[in-house]
Each structure stands twice: as structure tokens, then as C-alpha cells.
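A short worksheet on the structure shown next.
Just so you know, ligand 1 is whichever comes first in the structure, and atom 1 is the first atom listed for that ligand.
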Amino acid sequence: MTIQEIAILIESIEKEFAECVRCGMCQSVCPLYNQTRLETDVARGKLAIIEGLRKQLFDNPAISANYMQRCLLCGSCAENCPAGVNTNEIFIKVKAVLNGCRQLPAWKKILLRKILAKPKVFNLLLSAAEKFQKIIIKNIKESPEIFKVRAGIPFFKKRSFKKLAPQPFSKIVPYLNTGKKNNGLKAAFFTGCIIDRFFPNVALSVIEVLKYHNIGIYIPKNQGCCGIPAAAAGDAEAFKKLLRYNINIFAKENFDYLITACATCTSTIKKVWKILSPDDLKEAVEDISVKTIDIHQFLTEKVKVDIKPVKTKKNLPKIIYHDPCHLKKSFGIYKEPRKLIKANSDYSFTEMESPDSCCGMGGSFNLSFYDISSDIGKIKRDNIVASGASVAATACPACMLQLIDMFSKNKDNIKVKHSIEIYAEALKNGAVE
Ligand code: SF4
Ligand code: SF4
């Protein structure tokens, strides 16, 4: 980052956090504070730290960076802030400033700039990891798609992992361009790394659903990561590389909407791309941000799917929906996925307690603070178990990974599915016109 870019970010941060009135309303909704009771973990405490340290930012950015790392970027504080402080935006900018003022550790630079920011290298390594996982895993008898790692390394010991798919979606459908269809709409699909590598069936369901509704589909080759791991780590350099890469990939074709089935990708493209965009990309980023839309919102608002009343059957398995923070808190989208799930007459939809509480995943937060992440996830798991559901649906593949880990840890027999998979199943049953 140039000194000028850092100065611009600092100026905008100062204006934004001056709006915090220190009311403390964010305490009651912060899942992290709820676990640790540390004022430095809640938005008010973080903002005070940033204010207190901003004059020494250039002297010791590592101190502030450590505090800023402890955040799920869940947006609960922003959603409930009476003063309208956009905490997520502030935190992302502060992280970028802090890392602009210090050297990132070498391993992070390699991971973010030499691997993640280079989609071909990233994909090659993930394909190798898919082969390698067969050597290091210990299969879980009851759940063939989940494994634990044999080695006694503490990082792996407590976790259960979803296996990387034998074929990523990008190999199954490397490219698709159907042109406009009868209803005149054409949607590009941004796959996202987790769907591509762990849940290709979710992407295949998206295609099925779009085809069913006669929407033109464009899926470009060699898509990159949306960049959130780089933004969350404060690495503006890696982030901008990915931003430029993705903009160029999608600029090759005209389309009406850019659809995603990952709540985090939607929020990154619509909100975070603008925050850290270089000047020469601002117009293109604005254009793509306006076109980006969550698949559930697209189907209910733009396609206006007509769902027939569901026939009531007895003794149906119960299904719940977990609201990903990046859909409900970022965009107020919560009715749309429920409407699509309810179209499936093979399940009985039920609400659990606090469906919109954070699952504790928080992307890299889970990697750095697994025990806290897991404690937050346990509350979510307990609420799902108490609902009696045998299927947990959600609209974010990162939440899916966290739920899978929580259920596996507790030996729960609860399936995790994406809401679009449930809707795709409903279409086969003829529930939708
Ligand atoms: S709720 Fe908003 S205004 Fe109140 S302390 Fe938290 S960030 Fe500041
Ligand atoms: S984004 Fe979430 S975890 Fe971070 S301070 Fe706000 S409420 Fe807490």
C-alpha cells in the first residue's frame, strides 16, 4: 500500500469511528464478548483501542493488529448500533492500514500473495491436497464425507473436516455460456472457493435451478477467490490482485446479474470490494457490485418464483434454517431462503431458537481461535438439536463447514445442506411452477 492510500484510509476511519457514542449496545449482541467478557473484544472496546493507538500506529502496529484479529466480522454490532457505526467497514480498513505499516509474517505473505492471489497455483495445490488427504485421514464410520486427521498435532486434534470433493465444480463444469433464454435474463455465477472444492453439489443445484427457471447462465473459466481471507488478514496487496483478476474474468461477457450461493462471497463483492478498490477499478467494481445478488433474493424478487401451496404429509423430517451473518445482518435477507425451503414438501420446516446468532466460524477466526469459535458453535449446535431437526439448512458454505464440525464432534445425526439444494429437490417434486 502506498503512503497516500494509507492516509486516505486513516482519514475515512477517523470520520467513521467519531460516530460511536460509547453506548455499549454492541456488547449484548457480540458472540465473542459473550464468550470472553473482554471489553477489548467488543466493537466499543476495539474502537477505543483504535482511537487511543492511532497516533502510535506507525510505531507499533502489531499491538493493534493483535486486537483486531479477534473478531468474527459477523456484523452483529453494526446491525444493532443505534449510531449507525459501520464497524465491519472500519475493522477491514484498520486491518489494511495496520498491515500497510508493518511487514506481514513471511508465511502469511506466501499463503496470501503467492498462493491465494494466484488462482492457478491455488487450484493446483488444492487438487494435490485432495489426493494427500487420503493418506492423513482417519475416516469416521458414520459419516463418510467427514474425516479427522491421524497426526496428533494440536491444530488438527479437535477438528473434524469435510473431505475435499474428488472433483471440484470447476472441473465438472469448467465453462458455461448458454446465452440469454426466453425470459431475457442472463446470470453469471460466482462459485466461490468453498463451494467449488467442498460442495460442488451446491453449484450443480444452482445450475439446475437456473435452468428450470429458464435463466441464461454464464460461468467463466478459472475463477478466483473473492478475496475475503486477504481482506480479513489486512493484506491489501493480495486482495487487490484477486479483485483485478476477478473483474477481468467477468468482464469478458455481458450479464444482467452476478449470482452467488455463498453469503460471504456476496457480502465481499457487494461491500468489501468497494472499500479496498484501487482508483482505476472503482467504476468496474461499482458496476459489478450493483449486479451482484444472492441466489435466494434473485429467485424470489427478480424471477418471482411461484410456489404452490405445500401438501401436508405426516411425520416428515424436520428442517431448520441457520441465518448466515453475511446474509441476514449484511442485507436483511432471511425470508427468501425460508420461502424456497418451504417449497420442499418432503420436510417440515421449523424455527430454532436464535436462528440468526453467529455460528462462530468467521473464516480465519476459526483457524486462529478454534476453542472460542467452537464454544460459539456449540450454542448453535445445541439450539439445532433442541429443535428436533434432522436437517440443518443454511446459505453459506463456511457456516456449513462449521455446522458439520460441531455435529461430528457431538456425534449428532444431523445432515447439513445448502438451502438451494433443498429448493432444487423441491423442483423435482413439482412444487414450483
Ligand atoms: S453500539 Fe455503536 S455507538 Fe454504541 S458503543 Fe457499540 S459501536 Fe459505539
Ligand atoms: S463483528 Fe461480530 S465479533 Fe466482531 S466486534 Fe462486532 S459483534 Fe463482535
Side-chain angles (χ1 to χ4, degrees), residues 12-54 63-99 228-229 231-234 263-264 266-268 270-272 275-276 322-332 334 354-380 394 396 398-399 402:
S12 68
I13 295 163
E14 282 183 346
K15 275 190 204 140
E16 284 161 11
F17 72 56
E19 310 204 335
C20 171
V21 294
R22 307 275 189 267
C23 65
M25 296 277 280
C26 43
Q27 269 190 354
S28 60
V29 293
C30 176
L32 181 57
Y33 178 80
N34 191 26
Q35 291 298 320
T36 66
R37 300 284 153 188
L38 293 173
E39 176 67 13
T40 47
D41 279 345
V42 78
R44 180 175 65 177
K46 285 192 175 73
L47 295 175
I49 289 167
I50 297 163
E51 192 167 21
L53 289 180
R54 73 184 197 268
I63 296 179
S64 321
N66 286 344
Y67 285 118
M68 297 312 299
Q69 235 198 323
R70 293 175 64 91
C71 178
L72 291 143
L73 291 176
C74 66
S76 304
C77 44
E79 189 196 29
N80 289 281
C81 174
V85 182
N86 195 342
T87 44
N88 265 13
E89 191 169 323
I90 295 176
F91 297 157
I92 282 176
K93 285 180 182 170
V94 169
K95 285 176 181 213
V97 168
L98 292 170
N99 286 313
I228 193 62
T264 303
T266 311
S267 141
T268 305
K270 280 190 93 63
K271 295 190 167 181
V272 184
I275 301 173
L276 297 176
H322 156 68
D323 288 289
C325 295
H326 291 147
L327 264 198
K328 168 101 190 304
K329 286 157 193 146
S330 296
F331 301 109
Y334 62 98
S354 308
D356 63 350
S357 66
C358 178
C359 70
M361 181 62 170
S364 50
F365 180 89
N366 173 279
L367 299 178
S368 306
F369 305 103
Y370 182 71
D371 287 341
I372 305 177
S373 166
S374 210
D375 289 344
I376 300 170
K378 174 78 166 43
I379 300 172
K380 175 64 58 179
T394 188
C396 181
C399 300
Q402 173 79 334

| message | Apply side chain to side chain contact (heavy atoms under 4.5 Å, CB included) to residues Y334 and D356 and explain how you reach the verdict. | response | CA-CA 9 Å; Y334 62 98; D356 63 350; over 6 Å; no

| query | Between Q35 and I379, is a side chain to side chain contact (heavy atoms under 4.5 Å, CB included) present by the stated rule, with each step listed? | reply | CA-CA 11 Å; Q35 291 298 320; I379 300 172; 3.4 Å; yes

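Contacts with ligand 2 closer than 4.0 Å are made by backbone heavy atoms (N, CA, C, O) of D41 only, the side chain lying farther away.
The R44 neighbourhood of ligand 1 comprises atoms 5 (S), with distances under 4.0 Å to a heavy atom of that residue. The distance from ligand 2 to the heavy atoms of A43 drops below 4.0 Å at these ligand atoms: 5 (S). Contact atoms of ligand 1 toward G24: 4 (Fe), 5 (S) (distance under 4.0 Å to a heavy atom of the residue). Distances below 4.0 Å separate heavy atoms of N88 from the following atoms of ligand 2: 1 (S). Residue G75 approaches ligand 2 through these ligand atoms, each under 4.0 Å from one of its heavy atoms: 1 (S). When each atom of ligand 2 is checked for a heavy atom of S76 under 4.0 Å away, the hits are 7 (S). Residue-ligand proximity, C26 to ligand 1, at heavy-atom distances under 4.0 Å covers atoms 1 (S), 5 (S), 6 (Fe). Under a 4.0 Å criterion applied to the non-hydrogen atoms of R22, ligand 1 contributes the atoms 5 (S), 8 (Fe). Close contacts of ligand 1 with P82, meaning ligand atoms under 4.0 Å from a residue heavy atom, involve 1 (S). Those atoms of ligand 2 with a heavy atom of L72 less than 4.0 angstrom away are 3 (S), 4 (Fe).
Ranking the protein heavy atoms by distance from atom 3 (S) of ligand 1 puts V21 N, 3.4 Å first. Annotation: atom 4 (Fe) of ligand 1 to nearest protein heavy atom, C23 SG, 2.3 Å. In terms of protein heavy-atom proximity, atom 6 (Fe) of ligand 2 is closest to C77 SG, 2.2 Å. Annotation: atom 8 (Fe) of ligand 2 to nearest protein heavy atom, C30 SG, 2.4 Å. Nearest protein heavy-atom neighbour of atom 2 (Fe) of ligand 1: C81 SG, 2.3 Å.
None of the N, O or S atoms belonging to C74 lies under 2.8 Å away from atom 8 (Fe) of ligand 2. At a threshold of 2.8 Å, atom 8 (Fe) of ligand 1 has a backbone or side-chain N, O or S atom of C20 nearer than that distance.
With a 4.5 Å cut-off on side-chain heavy atoms, L73 and F365 do not count as touching. Taking 4.5 Å as the limit, some side-chain heavy atom of S368 sits within range of a side-chain heavy atom of Q69. Within the 4.5 Å cutoff, no side-chain heavy atoms of K380 are placed close to those of Q402.
If you take CD1 on I275 and CD on E89, they are separated by 4.0 Å, rounding to the nearest 0.5 Å. Distance SG/C30 to CG/L38: 10.5 Å, rounded to 0.5 Å. Between the CD1 atom in I90 and the SG atom in C77 there is a gap of 9.0 Å [rounded to 0.5 Å]. A distance of 9.5 Å separates OG1 of T87 from NZ of K46, quoted to the nearest 0.5 Å. Atom CE of M361 and atom OG1 of T264 lie 9.0 Å apart (nearest 0.5 Å).
Across H322 and C399, no two heavy atoms sit closer than the pair NE2-SG, 3.5 Å.
Taking 4.0 Å as the cut-off, L73 counts as a neighbour of ligand 2 on heavy-atom distance.
Under the 3.5 Å distance criterion, the side-chain polar atoms of K329 are left unmatched by any main-chain donor or acceptor of D323.
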